[in-house]
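Reminder, nothing fancy here: chain letters follow the sequence lines and each chain counts from 1.
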Amino acid sequence: MNKKQLKQLIEAALFAHPQPLSVQRLHELFEARGVSLNGVRSALKSLQDDYNDRGIELVNVASGFRFQTRPEFGELLAGLWQERPTRYSQALLETLALIAYRQPITRGEIEQVRGVTVSSNIIKTLQERQWIAVVGQKEVPGRPQLYGTTAQFLDDFNLTNLSELPSIDFSDETTAETAITERDDLHD
Amino acid sequence: MNKKQLKQLIEAALFAHPQPLSVQRLHELFEARGVSLNGVRSALKSLQDDYNDRGIELVNVASGFRFQTRPEFGELLAGLWQERPTRYSQALLETLALIAYRQPITRGEIEQVRGVTVSSNIIKTLQERQWIAVVGQKEVPGRPQLYGTTAQFLDDFNLTNLSELPSIDFSDETTAETAITERDDLHD
Amino acid sequence: MAEQQSLPLGFVRGEPVIEKPEDLYIPPDALEVILDAFSGPMDLLLYLIRRQKFDVVDIPVLTITRQYVQYVEMMKELKLELAADYLVMAAMLAEIKSRLLLPKPPQEDDEEDDPRAELVRRLREYEAIRHGAEYIDEQPQVGRDMWLSEVSSNARDHVTTAPPEVSLEDLTLAFSRILNQIKLNAHHHIQREQLSTRERMSQILQRLQTQPYLRFGQLFNKSEGRAGAVVSFLAILELVKESMIELSQVTPMSEIHLRRKASFDEQEATETTD
């Protein structure tokens with residue numbers, strides 16, 4: 001198949017498939033028709049360019065490539081749905097942040113940092129969203145479960161990997177003042 | 001909002017919404033921003049042209065407009081939903097092998113050689129695949145059914161007749177020693 | 001970032017609460033809202049520190065403890081459902097305060113023993129996590145800021161569920177496993193010729209399923225040549241030997257017929273076979 005056909009097929013596949021598709025998966029799909037890995041890559045690149053100036057964009061997240069509506073249209077499109085998107089509580093976001101930044105982490109360790117009991121509802125909600133998962137057990141008395149974030153978390157927050165989240169660790173040498181300046185810069 | 005922005009928004013809305021969207025619905029959505037019904041119509045027309053030569057197309061169905069993959073791509077994209085075939089169990093393969101190599105053979109005889117009961121599921125699966133069939137009954141008490149392989153079996157295994165099955169000879173000349181070596185080789 | 005002073009007190013149903021008490025008088029219902037707005041004692045503590053532009057590394061513990069305890073006392077006075085966690089923090093602050101008030105033994109002046117150190121460490125860690133939570137919340141989020149495309153496709157109509165594949169090799173391997181199981185046993189010689197004989201046996205039996213008799217001659221096909229005839233003949237002999245068929249001949253030299261071996265009671269036998 002020629003370049004144009006491959007590009008059309010990959011485009012159709014990405015639009016039709018509800019989950020992101022990896023380069024490998026796309027390659028497997030069309031391998032039998034003599035499509036190379038590089039062929040897939042260059043088609044993706046070309047598609048990304050095509051959608052540069054449109055209402056949707058082709059992005060690369062943790063589990064592969066997907067088409068999505070531009071984030072800046074969020075509010076304008078919200079009217080499509082009856083329900084307003086859920087806003088998560090500060091407690092949930094802090095718990096999620098602890099799991100994302102300090103994983104693997106136990107519930108007890110989360111409670112220590114936040115100074116407050118972690119409600120079972122928060123853990124349940126995070127698990128139902130498939131943003132966190134039990135990744136093991138800590139070898140201390142009671143063998144508490146260790147939590148970590150999932151690929152679904154990265155996908156849902158538009159990330160390919162955790163390091164894309166801004167760092168929250170300021171080195172010990174950082175004075176309070178420079179730390180605040182840095183923080184402010186990050187916020188701009 | 002200008003024409004370009006409206007087009008981008010309608011494009012995003014159509015992609016994001018799982019069901020088709022009517023001209024009226026799209027109009028309602030952006031009415032508050034001074035978008036006219038004709039504005040929506042001409043944006044849709046323009047989008048239809050944009051996707052004229054791509055992997056997906058914008059079509060007008062009974063309940064409104066929707067994007068869909070080009071019908072001619074259906075077969076090529078089916079692989080996205082194709083489940084990997086599972087593998088058959090050792091027990092099934094051994095049963096099939098015994099029927100192929102030792103036919104006609106009764107269930108009792110298979111069980112004798114394998115030393116375990118042959119589950120009805122295995123026989124059923126093999127019959128459903130039309131690889132084995134009842135070829136007669138053995139004239140012994142209970143008149144057990146005799147199983148043999150079918151023409152379908154030969155076709156599926158790319159054989160013209162059974163004698164093309166690889167022979168696994170333990171000929172009379174084989175000394176105990178060489179036989180053991182052969183067995184070990186087979187295990188590798 | 002906005003000035004420290006105008007940091008929102010917290011978020012109530014997504015709206016920042018910027019109004020804050022200049023003194024400690026807060027209308028009762030507002031306090032309830034504020035308590036709801038704090039995600040825990042660390043959050044409240046951090047707010048108190050930030051409100052006065054203190055740095056976490058150099059907290060005036062006495063002042064902060066006093067203020068924190070006043071908050072907590074007021075909450076108790078108003079009989080608000082106060083989480084035990086707030087009291088735990090109050091106790092910890094009180095302990096630090098009392099240790100600071102005690103005269104220091106002269107040799108213990110190194111930083112590690114500053115009772116504030118642990119609190120500072122905790123506050124810094126909590127503050128870092130607060131930033132983490134902010135960063136996560138600022139990320140574009142599927143279902144809130146963007147939606148994924150799932151356009152309809154006729155591809156699913158073309159999906160077929162393929163049954164598992166078995167290769168000839170799988171089959172031979174399975175058979176060698178069986179042979180290994182039964183060890184070296186003279187009864188289980190498998191030979192090429194035997195196989196075609198066995199196949200022919202199945203074929204003959206299959207034909208006898210649909211017709212009661214077969215003429216001997218029907219079993220030989222000229223196109224198969226001498227080898228084919230031998231195979232058919234061996235198959236017939238084997239079937240007779242294994243009591244699977246019977247041969248009959250009315251008079252010498254007349255046509256030989258094959259039939260399924262007669263059973264004593266067909267009816268009964270059929271019932272018992274399945």
Worksheet item: What are the two closest non-hydrogen atoms of B:F157 and C:V166, and how far apart are they?
Response: CE2-O, 3.4 Å

Item to complete: Could you tell me which portion of B:L154 (side chain, backbone, both or neither) has an atom closer than 4.5 angstrom to a non-hydrogen atom of chain C?
Response: side chain

Response to the item:
Okay, C:L208 and chain B: the region with an atom under 4.5 Å from a heavy atom over there is neither

Worksheet item: In Å and rounded to the nearest 0.5 Å, what is the CG to OG distance from B:D156 to C:S167?
Response: 12.5 Å

Worksheet item: Is it true that atom CZ of C:F233 has more than 12 heavy atoms of other residues, nucleotides or ligands lying nearer than 6.0 Å?
Response: no

Worksheet item: Can you say whether B:L93 sits under 4.5 Å from chain C via the side chain, the backbone, both, or neither, judging by heavy atoms?
Response: both

Worksheet item: Using a cut-off of under 4.5 Å for heavy-atom pairs, which of B:Q90, B:R87, B:E94, B:Q68 has the most such pairs with chain C?
Response: B:E94

Practice prompt. Show your working on side chain to side chain contact (heavy atoms under 4.5 Å, CB included) between B:R66 and C:S152 and close with a plain yes or no.
Written response: CA-CA 8 Å; B:R66 73 166 188 211; C:S152 57; 3.1 Å; yes

Item to complete: Starting at CG of B:L162, measure out to CE of C:M201 and round the result to the nearest 0.5 Å.
Response: 12.0 Å

Item to complete: Of all the heavy-atom pairs spanning C:Q209 and B:V134, show the shortest one and how long it is.
Response: OE1-O, 3.5 Å

Practice prompt. Taking all heavy atoms of C:R198 and all of B:Y101, pick out the closest pair and write down the distance.
Written response: CD-O, 3.9 Å

Discussion item. Quick check on C:E169 against chain B: is it the side chain, the backbone, both or neither that has a heavy atom closer than 4.5 Å?
Written reply: neither

Worksheet item: What part of B:A12 gets closer than 4.5 Å to chain C, counting heavy atoms only: side chain, backbone, both or neither?
Response: neither

Fill in: Donor-acceptor pair, side chain of B:E139 and main chain of C:M244, under 3.5 angstrom
no

Worksheet, complete the sentence: Counting heavy-atom pairs under 4.5 angstrom with chain C, the leader among B:F15, B:Y147, B:Y88, B:W131 is B:Y88

Discussion item. Please rank B:P18, B:A78, B:G148 by heavy-atom pairs under 4.5 Å with chain C and give me the top one.
Written reply: B:A78

Practice prompt. Output the distance between atom OG1 (B:T150) and atom CD (C:Q203), rounded to the nearest 0.5 Å.
Written response: 11.0 Å

Fill in: Part of B:L76 lying under 4.5 Å from any heavy atom of chain C
neither

Discussion item. Rounded to the nearest 0.5 Å, what separates atom CG in C:L168 from atom CG in B:L165?
Written reply: 6.0 Å

Fill in: Proximity breakdown for C:D157 and chain B, heavy-atom pairs closer than 4.5 Å
neither

Worksheet item: Is the number of heavy atoms from other residues, nucleotides or ligands under 6.0 Å of C:Y213 OH greater than 12?
Response: no

Worksheet item: If you draw a 6.0 Å radius around CD in C:E165, do more than 12 non-hydrogen atoms from other residues or ligands fall strictly inside?
Response: no

Item to complete: Looking only at non-hydrogen atoms, find the nearest pair between C:E199 and B:S163 and report the distance.
Response: OE1-N, 4.4 Å

Worksheet entry | Interatomic spacing from CZ in B:F73 to OG in C:S153 - rounded to 0.5 Å | 10.5 Å

Worksheet item: What closest approach, in Å, do C:L205 and B:V135 show between heavy atoms, and which atom pair accounts for it?
Response: CB-O, 2.8 Å

Worksheet item: So what's closer than 4.5 Å to chain C heavy atoms on B:L146: side chain, backbone, both or neither?
Response: side chain

Discussion item. For B:R70, which atoms come within 4.5 Å of any heavy atom of chain C: side chain, backbone, both, or neither?
Written reply: backbone

Worksheet item: Relative to chain C, which of B:P104, B:G79, B:A16 shows the most heavy atom pairs under 4.5 Å?
Response: B:P104

Worksheet item: CZ/B:R143 to CZ/C:R260 distance, rounded to the nearest 0.5 angstrom?
Response: 7.0 Å

